[in-house]
Amino acid sequence: MSFSEHPRKSVAFDSVSTIRYIESTSRRPRKNPNMAKQLFERFNGTELTDHMLEEAAQLFNENYGIWALDPTNSGPAPKPGSPVKLSKNRLRAQYLPDNAACSYVRVTVEDRLAGNAFACRWSYKNTNVCWVTQLVVHSDFRERGLAAGLLNQLRQDDDAIYGLMSSHPAACLAAAKAFGSGISTVAVDFIRDNAEAIMKASPICYVKDAELRGSLFDREDTSGAVSSVHTHFFVDHTEPLEALAWVREGTEWPLGELLDGHEFLLRSRSFPRP
């Protein structure tokens, strides 16, 4: 999700959303804010006020990305190039459903909202699933470990399985590190054998209705995708694809290609905290 003053042949991730993780790989100059005062706060979903949701929606709207062309022409679609936006009411409806156990974590830096994360929990085979539904880091505060801090704040000792859907490889790398032992040790067999049942049990509609795609689920799939979901969420993938190319220069990437209207699917068993 990296701004740097000078081009680099590497990608630095926040150690990181549909999940909508927001990160940029633009090389334009970035600000250097004072990071001395950081405050992480965690709330149950029922504790979120309208004002907190308004702030979260603004963070999303200003830091997510732009719409791409919908090649399906299946109906009215946002104008390509227009910003992806999420209202306070839609945020509450999609990420904080009444029948779900939800959590919200935010971090402020010098009293400014710098990032946040939403998660939802449900039961699968008598085990606790924690699904990260949104992870946003403001463009001024990336590559400073805030995403990792947010993910670690979401963890609970009784979580047995973690999951997310994201179009950005940085989200998958950070989640694999925070919840497991890194992307190279992701158990793809566990994803293959359990993904559909876990997702169908979700109280989050976009997770429950997502369509599994990739060779992990269909041996005849030749698209290049391995572990993906078709969300029909046609967001511009220029930055995620650039990041993916950089990641592959030094890391074995197990999730395959990123297709239009798709997101990567990551699922991990819980590992003890270090």
Side-chain angles (χ1 to χ4, degrees), residues 16-21 41-48 52-53 56-57 60 86 88-106 116-136 147 150-168 171-172 174-180 186-214 216-217 227-233 255 262-273:
V16 179
S17 219
T18 310
I19 165 182
R20 320 285 187 205
Y21 175 74
E41 299 174 284
R42 175 172 171 159
F43 305 86
N44 292 326
T46 56
E47 296 178 302
L48 268 71
M52 293 167 68
L53 287 174
F60 179 95
L86 190 64
K88 166 182 67 70
N89 292 336
R90 188 178 177 191
L91 187 61
R92 185 181 291 279
Q94 286 193 347
Y95 298 104
L96 302 169
D98 293 336
N99 62 334
C102 299
S103 300
Y104 174 69
V105 175
R106 70 184 181 188
N116 61 19
F118 290 82
C120 179
R121 288 178 169 83
W122 64 88
S123 179
Y124 169 72
K125 291 186 176 180
N126 297 317
T127 60
N128 211 39
V129 177
C130 175
W131 196 282
V132 184
T133 52
Q134 187 181 109
L135 177 60
V136 182
L150 290 164
L151 291 173
N152 281 315
Q153 288 292 325
L154 283 175
R155 293 189 61 164
Q156 291 183 179
D157 291 340
D158 60 347
D159 290 334
I161 300 169
Y162 291 95
L164 66 84
M165 293 151 41
S166 176
S167 61
H168 208 296
C172 301
K177 181 178 180 180
F179 302 140
V186 169
V188 292
D189 289 349
F190 178 73
I191 299 176
R192 180 195 62 211
D193 297 339
N194 296 278
E196 183 173 10
I198 290 174
M199 294 168 68
K200 289 302 181 186
S202 174
I204 302 295
C205 291
Y206 85 82
V207 175
K208 185 175 183 178
D209 297 337
E211 304 165 11
L212 297 176
R213 292 288 188 273
L216 196 60
F217 311 108
S227 180
S228 293
V229 289
H230 192 192
T231 61
H232 303 275
F233 194 69
L255 305 180
H262 290 63
E263 297 183 359
F264 296 119
L265 174 65
L266 179 70
R267 184 98 9 71
S268 172
R269 294 185 182 91
S270 176
F271 282 72
R273 294 175 186 268

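We number each residue from 1, following the sequence as shown.
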Checklist line | Partner set under ring pair (Phe, Tyr, Trp, His ring centres under 6.0 Å) for Phe118, not counting sequence neighbours | finding: Tyr95, Tyr104
Notebook entry, point to check: Any chance CG of Asn126 has more than 12 other-residue heavy atoms, nucleotides or ligands included, within less than 6.0 Å?
Noted result: no
Next item on the list: Find the distance between OG (Ser227) and CD1 (Ile191) and round it off to the nearest 0.5 Å.
Entry: 4.0 Å
Check: If you measure from CG on Leu265 to CZ on Arg192, what distance do you get to the nearest 0.5 Å?
Finding: 13.5 Å
Item checked: Minimal non-hydrogen separation, Leu154 against Arg42, with atom names -> O-NH1, 3.3 Å
Notebook entry, point to check: Ignoring hydrogens and geometry, is there a side-chain-to-backbone donor-acceptor pair from Arg267 to Leu164 under 3.5 Å?
Noted result: no
Next item on the list: Please report the closest heavy-atom contact between Pro97 and Pro203, naming both atoms and the distance.
Entry: CG-O, 4.0 Å
Next item on the list: Could you walk me through whether Thr133 and Gln94 pass the side-chain contact (heavy atoms from CB on, under 4.5 Å) test, one step at a time?
Entry: CA-CA 9 Å; Thr133 52; Gln94 286 193 347; over 6 Å; no
Note to self: Quick check for you: to the nearest 0.5 Å, what is the distance between Ser228 atom OG and Phe264 atom CZ?
What the structure shows: 6.0 Å
Checklist line | Residues that Ala187 engages under side chain to side chain contact (heavy atoms under 4.5 Å, CB included), provided they are two or more places apart | finding: Phe190, Arg269
Checklist line | Separation between CD of Glu41 and CZ of Arg106, rounded to the nearest 0.5 Å | finding: 4.5 Å
Next item on the list: Could you tell me whether the side chain of Trp122 reaches within less than 4.5 Å of the side chain of Asn128, counting heavy atoms only?
Entry: no
Notebook entry, point to check: Taking it one step at a time, do Cys130 and Arg155 satisfy side-chain contact (heavy atoms from CB on, under 4.5 Å)?
Noted result: CA-CA 8 Å; Cys130 175; Arg155 293 189 61 164; over 6 Å; no
Check: Does Trp131 reach the main-chain N or O of Ile204 with its side chain, forming a donor-acceptor pair under 3.5 Å?
Finding: no
Item checked: Listed partners of His230 passing ring pair (Phe, Tyr, Trp, His ring centres under 6.0 Å), at least two apart -> His232, His262
Note to self: Suppose we screen for salt bridge (Lys or Arg N to Asp or Glu O under 4.0 Å). Which residues come up paired with Asp98, at least two apart in sequence or across chains?
What the structure shows: none
Next item on the list: Check the pair Val229 / Leu212 against side-chain contact (heavy atoms from CB on, under 4.5 Å), numbers first and verdict last.
Entry: CA-CA 5 Å; Val229 289; Leu212 297 176; 3.9 Å; yes
Check: Which value, rounded to the nearest 0.5 Å, describes the distance between Tyr162 atom OH and Leu151 atom CG?
Finding: 10.0 Å
Notebook entry, point to check: Quick one: does Glu47's side chain have a donor or acceptor within less than 3.5 Å of a partner on Asn44's backbone?
Noted result: yes
Checklist line | Selection residues 196-212 - residue pairs positive for salt bridge (charged side-chain N to carboxylate O under 4.0 Å, His left out), sequence neighbours left out | finding: Glu211-Arg213
Checklist line | Side chains of Leu96 and Leu53 in contact at under 4.5 Å (non-hydrogen atoms) | finding: yes
Notebook entry, point to check: How close do Ala178 and Asn152 get, heavy atom to heavy atom, and via which atoms?
Noted result: O-OD1, 4.0 Å
Note to self: The criterion is side-chain hydrogen bond (donor to acceptor under 3.5 Å, both in side chains); which residues satisfy it with Asp158, sequence neighbours excluded?
What the structure shows: Gln156
Next item on the list: Start with the C-alpha gap between Ile198 and Lys125, add the side-chain angles, then the distance that decides, and say whether side-chain contact (heavy atoms from CB on, under 4.5 Å) holds.
Entry: CA-CA 9 Å; Ile198 290 174; Lys125 291 186 176 180; over 6 Å; no
Next item on the list: Using a 4.5 Å cut-off on heavy atoms from C-beta on, say whether the side chain of Thr231 contacts that of Met165.
Entry: yes
Next item on the list: Can you measure from CD (Glu263) to SG (Cys172) and round to the nearest 0.5 angstrom?
Entry: 9.0 Å
Next item on the list: Decide yes or no for Val186 and Leu266: does some side-chain heavy atom of the first lie under 4.5 Å from some side-chain heavy atom of the second?
Entry: yes
